[in-house]
Amino acid sequence: MTPPPVVFHSLLRPAVLQILRAAGYHGARPSVLDAMTDLAARYLYHLCELTAMYTEHNSSVNNTPTIVDIRMALQHVGALLPERPMGEQMYTGVEDLRGLNEFQSWAGGSFNREIKRIALDGDDEATDYLNALKKKHSKNDDDSKYVGTLLGKPIEHGEVQVEGGQCPSIVNWEQQLKAVAERPPTPPEERRSQTLEDIEGVNGGEGSRPPSSGLSSIGDRSMAEEMDLS
């Protein structure tokens, strides 16, 4: 099986190729293309990390990112420039939206439309280049060819039954483990009484001696007398 980093690099590589083609480039060395793909992956990964960080700081209910979290991450990486310093904006009371407006113009502009045209290869019904590529290489519109792979839907295995033991399924076993972990600790008084009962049992109480094994029934008899050593 191909390691995940290689798979992700291979999936991002065509997107970088399409962006370069839309920008007017018609050829590049493989080493240069791999370097640009690695830079794009690092940039997107850093952007996702920042979005998760701002989501954790700003969200009080759940960890679902909002448009505010994404905008703060884009501002952090410098994607929404030019922009006046935040102190100057607070002093004047006017929010600088030049960088945000330019980003919106780029997203809906001719360059981004050219990237989409090249990526979809003329298929307006596809949502991204991967779906367009799958439709191109599939004789029908069924995705059963890719089921169970990285490009398709996962296989529905259903509930895994465990044979033998007290837990009929893995879900029940997991619930039992959680119940044991969430069980409150034993109070000190109860723990002390249990210890005293153990001590009394050791000093001769009933049930203190474990069940006798076969060897303990020999008693005081000598084993040499019972064995024929001739």
Side-chain angles (χ1 to χ4, degrees), residues 2-136 150-154:
T2 308
V6 179
V7 173
F8 300 149
H9 184 89
S10 301
L11 291 175
L12 184 59
R13 205 167 185 257
V16 176
L17 277 170
Q18 293 155 6
I19 294 174
L20 292 175
R21 184 180 171 187
Y25 293 94
H26 298 284
R29 294 181 179 273
S31 58
V32 175
L33 181 59
D34 288 338
M36 295 196 66
T37 304
D38 185 65
L39 288 174
R42 291 172 183 268
Y43 180 81
L44 292 174
Y45 184 77
H46 184 53
L47 189 61
C48 292
E49 280 187 326
L50 292 173
T51 303
M53 180 188 70
Y54 286 121
T55 301
E56 184 178 359
H57 291 170
N58 298 334
S59 178
S60 58
V61 180
N62 51 25
N63 290 329
T64 303
T66 62
I67 190 64
V68 176
D69 304 322
I70 299 175
R71 178 182 174 181
M72 293 178 70
L74 290 171
Q75 288 177 326
H76 191 104
V77 298
L80 301 182
L81 294 178
E83 186 180 35
R84 295 187 180 90
M86 186 58 62
E88 183 178 349
Q89 296 184 45
M90 295 178 63
Y91 178 77
T92 58
V94 179
E95 186 177 6
D96 190 2
L97 300 177
R98 292 177 299 166
L100 183 61
N101 293 334
E102 289 190 10
F103 183 81
Q104 291 177 344
S105 300
W106 171 83
S110 58
F111 182 71
N112 202 23
R113 285 197 299 268
E114 180 66 12
I115 296 176
K116 183 178 180 181
R117 184 191 67 81
I118 294 174
L120 301 183
D121 197 17
D123 188 358
D124 296 334
E125 296 181 358
T127 55
D128 53 64
Y129 85 92
L130 192 57
N131 287 330
L133 190 63
K134 287 165 62 177
K135 290 180 62 177
K136 184 177 181 181
L150 186 64
L151 304 180
K153 298 179 180 179

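Note that the structure is a prediction, hence the values are computed from the model and not measured.
To the nearest 0.5 Å, the span separating CG on L97 from CZ on R84 amounts to 10.5 Å. Rounding to the nearest 0.5 Å gives a distance of 12.5 Å between OH of Y25 and CD1 of I19. The distance from the CD atom of Q75 to the OH atom of Y54 is 8.0 Å, given to the nearest 0.5 Å. For the atom pair CG of L33 and CZ of R13, the computed distance is 4.0 Å after rounding to the nearest 0.5 Å. The CD1 atom of I115 sits 9.5 Å away from the CG atom of L20 when rounded to the nearest 0.5 Å. Atom-to-atom distance recorded for L17:CG and I118:CD1 is 10.5 Å, nearest 0.5 angstrom.
When all heavy atoms are compared, the tightest approach of V16 to A40 is CG2-CB, 4.2 Å. Shortest non-hydrogen contact noted between A119 and Q18 is CB-OE1, 3.2 Å. The shortest heavy-atom contact between D34 and H9 is OD1-NE2, 3.4 Å. Contact detail for Q89 and T92: the closest heavy-atom pair is O-OG1, 3.4 Å. Scanning both residues, A73 and L50, for their nearest heavy atoms gives CB-CB, 3.9 Å. Considering every non-hydrogen atom in both A107 and N112, the closest pair reads O-ND2, 2.7 Å.
Shown here is E56, whose CD atom has no more than 12 heavy atoms of other residues, nucleotides or ligands within 6.0 Å. Other residues, nucleotides and ligands place no more than 12 heavy atoms under 6.0 Å from the OH atom of Y45.
Classification of the H46-H76 ring pair by plane angle, with boundaries at 30° and 60°, yields perpendicular. Between W106 and F103, the two ring planes are tilted [angle within 30° to 60°].
Checked by atom type and distance alone, the side chain of R98 never pairs as donor or acceptor with a backbone atom of L81 at under 3.5 Å.
Residues M72 and N58 form a side-chain contact, since some pair of their non-hydrogen atoms from C-beta on lies under 4.5 Å apart.
Side chain to side chain, D69 and T66 meet the donor-acceptor criterion of an N or O pair below 3.5 Å.
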